[in-house]
Amino acid sequence: MSEPRSAFSASEMMIVAAARELADQRVCFVGVGLPNIAVNLARRTVAPQLELVYEAGVFGARPARLPLSIGDPTIVTGATAVTSMFELFGYYLQGGLINVGFLGAAQIDRHGNINTTVIGDYASPRTRLPGSGGACEIAQNAKSVFVIMRQSPRSFVEEIDFRTSVGDRISVVVTDKGIYHMDDGEMRLDSLHPGVSLADLRASMAWTPRVGDVSMETPPPTDEELRLIREELDPQGVYTG
Amino acid sequence: MSEPRSAFSASEMMIVAAARELADQRVCFVGVGLPNIAVNLARRTVAPQLELVYEAGVFGARPARLPLSIGDPTIVTGATAVTSMFELFGYYLQGGLINVGFLGAAQIDRHGNINTTVIGDYASPRTRLPGSGGACEIAQNAKSVFVIMRQSPRSFVEEIDFRTSVGDRISVVVTDKGIYHMDDGEMRLDSLHPGVSLADLRASMAWTPRVGDVSMETPPPTDEELRLIREELDPQGVYTG
Amino acid sequence: MSSSKVTSMRDAVAELVRDGDTVAIEGFTHLICFAAGHEIIRQRRRDLTLCRLTPDLVYDQMIAAGVARKLVFSWLGNPGVGSLHAVRRVTEGDRATLELEEYSHFGMVARYTAGAMKLPFFPLRSYAETDLPTANPLIRPIQSPYGGDQVYAVPPLAPDVTIIHAQRADAAGNTQVWGLLGCQKEAAFAADRVIVVVEELVDEAVIRADPNRTILPGLVVDAVVVEPWGAHPSYAQGHYDRDNAFYLDWDAISRDAGSLDAWLDEWVHGVASRSEYLAKLGDDRLRALRPTPAPSGSVDYGEYR
Amino acid sequence: MSSSKVTSMRDAVAELVRDGDTVAIEGFTHLICFAAGHEIIRQRRRDLTLCRLTPDLVYDQMIAAGVARKLVFSWLGNPGVGSLHAVRRVTEGDRATLELEEYSHFGMVARYTAGAMKLPFFPLRSYAETDLPTANPLIRPIQSPYGGDQVYAVPPLAPDVTIIHAQRADAAGNTQVWGLLGCQKEAAFAADRVIVVVEELVDEAVIRADPNRTILPGLVVDAVVVEPWGAHPSYAQGHYDRDNAFYLDWDAISRDAGSLDAWLDEWVHGVASRSEYLAKLGDDRLRALRPTPAPSGSVDYGEYR
């Protein structure tokens, strides 16, 4: 049980599992933070044909390094197209050309509704979060939405404090504990990561999850996946630290 | 009376008079046809600082020749900016940056309302004219509107057959007979071209015009104005023939 | 994206343009794809709804050839010359057999933009106090939810097929244009199918060296046809000039239905392809349309590793 | 247009940025004009309404310095790093002294676009079933005059002053940008006054050689300030890289109000101009941010006489 844990971190497992979900996908709208590293790992592994779309106005990015921000100069040089944000959000996203929108989240409920705005009351919040950015329009206009986030009783909640983005189009949620898919509007656990028990998982969320067939645990990261994360994508451990 | 007529044509007088009205203007939206030659003459004479805007998506054009069409390649090479038509009509025209919109017309009434759509009934017209193009939005959004057209009882009418563009913002109308300015919503004759009598003019329109001080006739074209038209702008006589 | 979409004009039209389709061959004076229009005539498509801001000679020819049922437009003429006589013959008096749907230029651009953005309408400051909303009931007033004066709305326009001409594209359909941009980008993003016809097929690296120059990603392009001079008598900035002599000649050719039909027989039905049309025009005529160079200069994107 | 608008940052801010103004220093990650933000702090402007999609470090610094009364935004963070601590200090709990007006990215872009187009509203497919219209009553539902599903509208945003950074402009203010374009064009056309800050002042002929590269005509520009490295720690495509180390360092600097004030004293109030700031940064740090060349290549516009 503790053997795989010595080989990789929970963050690495989460990023690898999220990247694998992108196999065979064509066009992905890349959100800031964890989605950024997961999508760039996917393009180097299971989805070499994946076209990366950045809200900053880039289609077909070929980042030579993992950008810290999603508006980095490396996503521009060598890209297929650079457009105004009006055209990126209007013609590409709202126009229906995005297969997968990849989002992070601070809070999520069992239906996949996401809060990235405030913890507490909106007028005088306990914690002021970044807000929507492009998330609410990605959640409404991408054909399907993937979510990657660390889960805990404070992030996997019965009631989110603010509905920033709707869960209607979410198809998969990948966390540091396991993988969920949407089943009739509710998240269903379909895989536990190595070393994570169902009890561990239940202790890390505020509701009792619907559980599918979890007899097979998530295949651990391969050496190549770990090498890409550690040597190429995140040598400074910004995402995995 | 017949002496000036031997020296220049009524079309040349009309174009020259229209060009002179552009003195001191800053930004002009150039319509197809007669406005095109009048504005290009103005830039070579009374309005060297005039910025030419073409609906095709050009700001600050420096045409090296008189374009037959208003989408000619010579308006692009050496221009200040080329934009999509969405931005040209949206940000420049509707955005309020155009001082003068310069239009032609098939029919006009005393209030400056213009018809460029049909002669006769709309459903089964006697003559199908080009239609609005950008005219209806130029008439509504340019700060002031100039009109250049040949006048006759069929073009200067009591009732236009179709209202393509409103006359609210028209400030001057230049014809082959004289020059009119708007006075409290109605055209007022302010100058007769050389060799044109008030009787000639009245015979060339369907209503009795308000007449201002016409004691001074329109100064005839200078040799330089005629040289520019005949040698540089319209050697083939497309506009002046 | 790296799989090739390069095909012939004959195959592109055969596969992607169908009887009854709503078709937009866009390009404002610049880059009007006459080569595609002529192939559609040769393949005898019928009942098309043709959309263009300026129907221009290309639609005058297609309408004379009988491919169209309806015309959606904003300015109907031969710029600087006069009328489109073939269109007038089927729109005036009792001869009115062609259905018309009429807007202004900005109205048409806004319709394509709404189509590209999947918006149910687009608002604009046009048409106030004019007869256009009466002539076309699809132009409707709309109130702002913030009060203030009323504006007008136009509905989205999403063609079945949009055909554009461009200076260059790669085999995947990533397309770059300079000079007048018209509303080709909006018309293409709004369409179900897109055919891009180019002067020059270039390597993907040429496109990626200047991504700000790209107007369409291959993602929205179904076919790439390499057809140099495919826009003649329209023009391609930097490649060849507008053949104004032909635009002037067309006035006489098109005044009479018989002489127009004879022209179609000789120049469209009488040639199997664009290359035959060009051979018929002759090198001298084409050479005279070549401009002298005016380079844009290069900018530096920088390599970031 | 040929009269020069070139001036110093000090004079541009003194003449064009006034207490109580609505100010947009736009640029999405790329071309964020920190030089202008620092000069506004030095001149101790007050009661500004600051607008930006991503307030970023530049507004965290300006808000900490006390220039702002209100913030209009769509994403409030240090990209890839974490929070904007100075903004959080005046927006959380009882300490909430800064007024917030919140949209999504597309909502903000649409607001600038409506401002540039003088439209009373802009429609978009966002906000459905979210709490954002409740949090911000200016986000309102609107029905299409053609039926179909409801969409939302946002009101126009027309700043008193928009400040943008660009790779180059001529003395008349004709401005060209490559790389990420963000919504600078829309924010500038929407504004009453526009300040353009450039890496390089070029001859008018450089602009006219590639008119498709122009994002703003001098017509809408009031002042041109030549300030190389004026976007640091943001970046200018082809000129210098984003200084990610500073974005990472800012997290620690800004967590404590005292250390942030000390930073402002040293790096903003403590320097008289951008050139002093750059001297303080040192050549080694700047040199390390220079990319290797990646030329766009040149296209041919053709000379037509």
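Chain A is the first sequence line, chain B the second, and so forth, proteins listed ahead of strands; every chain is numbered from 1.
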Exercise. Find the one option among D/Thr214, D/Thr113, D/Val220 whose heavy-atom pairs under 4.5 Å with chain B are most numerous.
Key: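 Ranked by contacts with chain B, first place is D/Thr214.
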Practice problem: Count the heavy atoms belonging to other residues, nucleotides or ligands that lie under 6.0 Å from CD of B/Glu159, then report whether that count exceeds 12. | Solution: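 Check fails, neighbour count at 12 or below.
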Quiz item: Can you tell me if CD on B/Gln236 sees more than 12 non-hydrogen neighbours from other groups inside 6.0 Å?
Solution: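 Not more than 12 within 6.0 Å, no.
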So, for [X] and [Y], which heavy atoms are closest and what is the spacing to 0.1 Å?
X: B/Thr80; Y: D/Ile207; answer: O-CG2, 3.7 Å
X: B/Gln94; Y: D/Met117; answer: NE2-O, 2.8 Å
X: B/Val76; Y: D/Pro211; answer: O-CG, 3.6 Å

Self-check item: Separation between CZ of D/Arg305 and OG1 of B/Thr77, rounded to the nearest 0.5 Å
Solution: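 Interatomic distance, D/Arg305 CZ to B/Thr77 OG1, rounded to 0.5 Å: 9.5 Å.
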Quiz prompt | Whether B/Thr74 side chain and D/Tyr304 backbone form a donor-acceptor pair below 3.5 Å | solution =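 Checked: pair present.
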Quiz item: Is it true that a side-chain atom of D/Arg208 and a backbone atom of B/Gly60 form a donor plus acceptor pair closer than 3.5 Å?
Solution: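 Between the backbone of B/Gly60 and the side chain of D/Arg208 there is a qualifying donor-acceptor contact (under 3.5 Å).
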Exercise. Identify which of B/Ala64, B/Pro67, B/Ala79, B/Gly96 forms the greatest number of heavy-atom pairs closer than 4.5 Å to chain D.
Key: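 Sorted descending by pairs with chain D, the first entry is B/Ala79.
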Self-check item: chain D interface, residue from B/Leu93, B/Asn141, B/Val27, B/Val82 that has the most non-hydrogen pairs under 4.5 Å
Solution: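 Counting heavy-atom pairs under 4.5 Å, the top option is B/Val82.
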Quiz item: Is there a side-chain contact between B/Tyr91 and D/Lys185 (heavy atoms, below 4.5 Å)?
Solution: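 The answer is yes; the side chains approach within 4.5 Å.
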